[in-house]
Amino acid sequence: MLDARDIRPHLEGLIEGAVRSAIQAGELPDVAVPSVPIERPKDPSHGDFATTLPLRMARSAMKKPLEIAEAVAKHLPADEAIEAPEVAPPGFINMRLSDVFLQQQIVRVIEHGPAFADMPLGTGKKAQVEFVSANPTGPLHVGNGRGAAIGDALAAVLEAAGYETEREYYVNDAGTQTDTFSETLYARYQQLFGRDVDIPKDGYPGDYMIELAQTLKKDHGDGLLRPEGERPPENLNQIGMDAMVGHIRESLRKLGVEYNVWFSERSLYAGEKVFDTAMAILKENGQLTEREGALWFTSSDLGESKDNVVVRSNGKPTYYASDIAYHYDKFVRRGFDLVIDVWGADHHGHVSRLKTATQALGANPEALHILLYQLVTLKRGGETVRLSKRGGDLITLDELVDEVGPDATRFFFLMRSPGAQMDFDIDLAVKQSNENPVYYVQYAHARLSQILARAAEQGIDASGGDVSLLTQPHELGLVREMLRLVDVIEQSATELEVHQLPHYAMALATAFHAFNDAFRQQSDSSLKVITDDEDLTRARLRLVQAAQIALARVLGLMGVSAPERM
RNA sequence: GCGCCCGUAGCUCAGUGGAUAGAGCGCUACCCUGCGGAGGUAGAGGCCAGUGGUUCGAAUCCACUCGGGCGUACCA
């Protein structure tokens, strides 16, 4: 029996074959057959799949779409996976999965386990998702949480699509802001010893810097103090930065996000000096020029609106230059086939020139995907709060996760497409936490688990259950929804759009609730999953097993927990 | 000024050029007291910001207008 993930190519083949048969039979003119579009009709009465091929062929075939549809449908061979096709005006061919096929898929899902809907799209390819990468000059804010949820889910989806995937955090520990950070930290540290010093004008005013200074005092006493007016000790920067990175790492861990690599910007300038290598390539290609005391990348030659400075007149490289070297490292040194940078929309001015630089380095710019998510607006008490790292009124990711919980935080962030600005109403999220969609989905998983637990208590072994006994609409409807995960993974991975996951999870949970409630609606208790009818019980238990696998899988892809009880 | 993102139900948002535009929350009326009620069914609620194109067909593509956000550094 056909596997669910092969159904689309299977249908394409059937239809293409039918078109050719119709042509051979002289019922259609001999024209080129376009690739077969397979759609999922919105209205279930139109079946599980549909093709609009007749509509697209109408012009070249010089025939009415409906006539083409009828000719094609007539030549579709009988197939065990689908029922006889139906033709609908103005020229659709609708196809419905057969009960036998759906029943068999239950067995398939159980056999394959969580990987049942995985797709071999990226087999043998290496992908990297770099996300959050906030400057380690302060705690993560709410917007970073959106990037974390998106990046982590995207990495999971790519893994499901067969890519060997790494999650990476780029630590900006080398720029100007780093110096400002340590100057601020040293000022706060000195203040703890009674010195009358101010933090720098462009410094970081947040209380967390005072706390960080206190930690330093606790760990090092006055060991980091220098005579008044002198520069701070060399290692202060590293100590402070390490502490901040540790803090960020902990915040992300609290959200359930773990990275494979924490990549230091500084490392680009040490050891093998990747930075020098990357710049040498640009220089060889004649794309560097000196002007006004600075070194410029002549990106306007490559279609950019202007040239960009890579090394300032003070000799320090720009952030842009680091990023060029960083992407050289990603593509050339580490050989990723697919590189995804997840950035906040405030970085979008940087997108085009980074792609240009990537191309100039000899890497394939098509392999670089920069996923921008629009900024998060925070609402508290009906008031809109702008997110700003330097502003006093920032709300940290930690605070949000503490209030809302990691599961709801992730689910909520994932529901919105990255391109949409979103309001995060904290009051609402807290107040209605019991009504948050995430609980609806998790509750479905808990119910599934409890049914299986109950069956286990009663010693029922479902392994031999006869799935052909499952013929009711709610039973097969649940199977249909389970199988749709194949589409969701494929599309999420190819379009890099993970916001489909929570929407799908809700639809799957709804299908299960409908299935479960269909039985309790009836006073006849023999219609539950576990009944006196041993055969039917075992068959339904298999369906429950499969549904649990599917639901746990989509929750797992989102990084949301799948509780067995709540 | 120029560039990018976005305008869809009261609110928050989905919607690969296809059939009667959907979900959650909120609202109304029912069902169910369960293998777990954090459940089910039904209903009200829409000039898909506007105008003009392309197409057999547009919420979707193109142009312009209006409204919101962001960017346009020898910051990151």
Side-chain angles (χ1 to χ4, degrees), chain A residues 37-43 45-46 50 52 55-56 58-59 64-65 88-92 94 133-135 137 172 175-178 180 202 292-296 305-306 308-314 316-320 322-323 344-352 372-375 377 389 412 415-425 428 432-444 446-448 450-455 457-458 487 491 494-495 497 499-500 502-503 506-507 509-510 512-514 516-523 525 528-531 537 544 565-566:
Chain A
I38 300 287
E39 297 178 0
R40 310 282 316 223
K42 278 180 252 173
D43 185 340
S45 73
H46 294 142
T52 54
L55 291 162
R56 290 168 201 235
R59 180 177 291 249
K64 286 184 183 158
F92 295 98
N94 294 332
S133 299
N135 285 343
T137 54
N172 296 121
T176 313
Q177 294 197 15
T178 305
T180 311
D202 296 327
E292 299 156 32
L295 192 62
W296 296 71
S305 58
K306 62 185 192 63
N308 291 97
V309 172
V310 285
V311 181
R312 301 182 184 97
S313 50
N314 66 7
K316 290 186 177 174
T318 61
Y319 168 82
Y320 178 45
S322 280
D323 231 13
D346 54 337
H347 288 65
H348 84 245
H350 188 57
V351 171
S352 177
L372 295 176
Y373 60 89
Q374 295 297 315
L375 301 186
T377 309
K389 199 154 202 171
F412 205 84
M415 279 209 299
R416 275 74 186 177
S417 76
Q421 293 160 225
M422 66 174 283
D423 283 347
F424 201 118
D425 189 330
L428 197 69
Q432 299 191 331
S433 62
N434 277 8
E435 317 239 337
N436 197 304
V438 69
Y439 293 95
Y440 176 80
V441 176
Q442 290 181 317
Y443 180 58
R447 271 180 150 180
L448 285 161
Q450 290 308 305
I451 292 171
L452 295 174
R454 170 67 66 99
E457 274 170 29
Q458 298 183 12
D487 282 7
Q491 211 183 334
T494 52
E495 304 294 323
E497 286 182 348
H499 66 278
Q500 297 183 52
H503 291 277
M506 287 171 72
T510 297
F512 164 66
H513 283 310
N516 198 46
D517 225 68
F519 301 135
R520 51 162 76 185
Q521 287 300 320
Q522 325 209 9
S523 45
S525 65
K528 294 175 183 176
V529 172
I530 300 172
T531 66
T537 296
V544 168
R565 59 181 74 245
M566 294 173 72

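Proteins get letters first, then strands, A, B, ... in listed order; numbering begins at 1 in each. These numbers come from the heavy atoms of this one structure, side chains and all, not from hydrogens, waters or symmetry mates.
- Distance, N314(A) CG to rA73(B) P: 18 Å, rounded to whole Å.
- Under 4.0 angstrom from either OP1 or OP2 of rU72(B) there lies no side-chain N or O belonging to K306(A).
- Among the atoms of the strands shown, only primed sugar atoms or phosphate atoms (P, OP1, OP2) are found under 4.0 Å from some heavy atom of A420(A).
- Counting only heavy atoms from C-beta on, A514(A) has its side chain closest to rG40(B) among rU20(B), rA76(B), rG40(B).
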* Dump the intermediate steps for side chain to side chain donor-acceptor pair (under 3.5 Å) on T176(A) and Y319(A), then the final yes or no. => CA-CA 9 Å; T176(A) 313; Y319(A) 168 82; over 6 Å; no
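- One atom, CG of D423(A), and another, P of rC5(B), lie 21 Å apart when rounded to the nearest Å.
- Between I38(A) atom CD1 and rG17(B) atom P there is a gap of 16 Å when expressed in whole angstrom units.
- The side-chain ring of F92(A) is not stacked on the base of rG18(B), judged by centre separation under 5.5 angstrom and plane angle under 30 degrees.
- With P as the reference atom, rC27(B) and rC11(B) are 16 Å apart, rounded to whole Å.
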* To do: Starting from the C-alpha separation in whole Å, work towards a yes-or-no answer on side-chain contact (heavy atoms from CB on, under 4.5 Å) for T377(A) and F424(A).
  => CA-CA 6 Å; T377(A) 309; F424(A) 201 118; over 6 Å; no
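- Relative to the side chain of R447(A), the nucleotides rA76(B), rG17(B), rG39(B) differ in distance, and rG39(B) lies closest.
- Look at the P atom in both rC5(B) and rC62(B): the space between them is 10 Å, to the nearest Å.
- M506(A) comes within contact range of the sugar-phosphate backbone alone, with a heavy-atom separation under 4.0 Å but no base atom that close.
- For N516(A), taking side-chain heavy atoms from C-beta onward, the closest of the listed nucleotides rC35(B), rG15(B), rC74(B) is rC35(B).
- In this pair, H347(A) does not lay its aromatic ring on the base of rG71(B); centres under 5.5 Å and planes under 30 degrees do not both hold.
- Annotation: rG1(B) and rU65(B) have their P atoms spaced 10 Å apart (nearest Å).
- Residue H348(A) has no polar side-chain atom (N or O) positioned under 4.0 Å from OP1 or OP2 of rU72(B).
- Closest to the side chain of T318(A), from the set rG69(B), rG39(B), rC74(B), is rC74(B).
- Distance OG1/T318(A) to CG/D323(A): 9.0 Å, rounded to 0.5 Å.
- Distances were taken from every side-chain heavy atom of H46(A) (C-beta onward) to each of rA76(B), rA14(B), rA19(B); the shortest belongs to rA19(B).
- Note on S313(A): a base of the nucleic acid sits closer than 4.0 angstrom, heavy atoms only.
- Closest non-hydrogen pair, P65(A) versus A58(A), comes out as CG-CB, 3.8 Å.
- Pairing for rG22(B) goes to rC13(B), judged as Watson-Crick or G-U wobble with the two contacts each under 3.5 Å.
- Taking NE2 of H348(A) as the start and CD of Q374(A) as the end, the distance is 8.5 Å to the nearest 0.5 Å.
- When the side-chain nitrogen and oxygen atoms of Y443(A) are compared with OP1 and OP2 of rG40(B), none of them lie within a distance under 4.0 Å.
- Distance from the side chain of Q421(A) is smallest for rG69(B) among the nucleotides rA19(B), rG39(B), rG69(B).
- Take the nearest nucleotide of RNA chain B for D346(A) and for A294(A): the residue whose nucleotide is more 5' is D346(A).
- A 3.5 Å limit on both hydrogen-bonding distances identifies no Watson-Crick or G-U partner for rC74(B).
- Remark: the D517(A) side chain and the rG39(B) base include a donor-acceptor N/O pair separated by less than 3.5 Å.
- Straight-line distance between the C1' atoms of rC74(B) and rC70(B): roughly 23 Å, to the nearest whole Å.
- Between Y320(A) and H350(A), the ring centre distance stays below 6.0 Å.
- Note on E39(A): a base of the nucleic acid sits closer than 4.0 angstrom, heavy atoms only.
- What you find for L372(A) and A345(A) is that their closest heavy atoms are CD2-CA, 4.4 Å.
- With rounding to whole Å, L375(A) atom CG is found 7 Å from rC70(B) atom P.
- Heavy-atom minimum distance, Y440(A) versus A509(A): CE2-CB, 3.7 Å.
- Searching all strands for a Watson-Crick or G-U wobble partner of rG67(B) with both distances below 3.5 Å returns rC6(B).
- The side chain of P437(A) approaches rG24(B) more closely than any other nucleotide in the set rG24(B), rG39(B), rC74(B).
- In a base pair of the Watson-Crick type (N1 to N3 plus N6-O4 or O6-N4) or a G-U wobble (N1-O2 and O6-N3), with each distance short of 3.5 Å, rG57(B) is matched with no nucleotide.
- Heavy atoms of A88(A) sit under 4.0 angstrom from at least one base atom.
- Counting only heavy atoms from C-beta on, A50(A) has its side chain closest to rA19(B) among rA19(B), rC70(B), rG17(B).
- Checking the phosphate oxygens (OP1, OP2) of rG17(B), no side-chain nitrogen or oxygen of T52(A) falls inside 4.0 Å.
- The closest donor-acceptor contact from the side chain of H503(A) to the backbone of M415(A) lies under 3.5 Å.
- If you check every strand for non-hydrogen atoms under 4.0 Å, H513(A) touches sugar and phosphate atoms only.
- Of the P atoms belonging to rC6(B) and rA42(B), the separation is 34 Å, rounded to the nearest Å.
- Look at rG46(B): it lacks any Watson-Crick or wobble partner with both distances under 3.5 angstrom.
- Across all strands shown, E292(A) has heavy atoms under 4.0 Å from base atoms, whether or not it also approaches the sugar-phosphate.
- Straight-line distance from the CE atom of M422(A) to the C1' atom of rG24(B): 14 Å, rounded to whole Å.
- Taking atom C1' on both nucleotides, rG15(B) is separated from rG46(B) by 14 Å, rounded to a whole Å.
- With a cut-off of 3.5 Å on both pairing distances, the Watson-Crick or G-U wobble partner of rG39(B) is rC31(B).
- At rA14(B), one or more side-chain N or O atoms of S417(A) fall inside 4.0 Å of OP1 or OP2 (strictly under the cut-off).
- Among the protein residues, K316(A) comes within range of no part of the nucleic acid, since none of its heavy atoms lies under 4.0 Å from any strand.
- Comparing rG36(B), rC74(B), rG17(B) by their nearest atom to the side chain of R56(A) picks out rG17(B).
- The side chain of Y440(A) sits closest to rG40(B) out of rC74(B), rG36(B), rG40(B).
- Comparing rA59(B) with rA49(B), their P atoms sit 10 Å apart, to the nearest whole Å.
- The P atoms of rG24(B) and rG39(B) are separated by 11 Å, rounded to the nearest whole Å.
- Here the CG-CD distance, from N135(A) to Q177(A), works out to 5.0 Å after rounding to the nearest 0.5 Å.
- When heavy atoms are screened at a 4.0 angstrom cut-off, D487(A) is found touching no nucleic acid atom at all.
- With hydrogens and angles left out, the side chain of N94(A) and the base of rA19(B) share a donor-acceptor pair within 3.5 Å.
- Looking at heavy-atom distances under 4.0 Å, A444(A) makes no contact with the nucleic acid at all.
- Taking atom CG of residue N308(A) and atom P of nucleotide rA76(B), one finds them 12 Å apart after rounding to whole Å.
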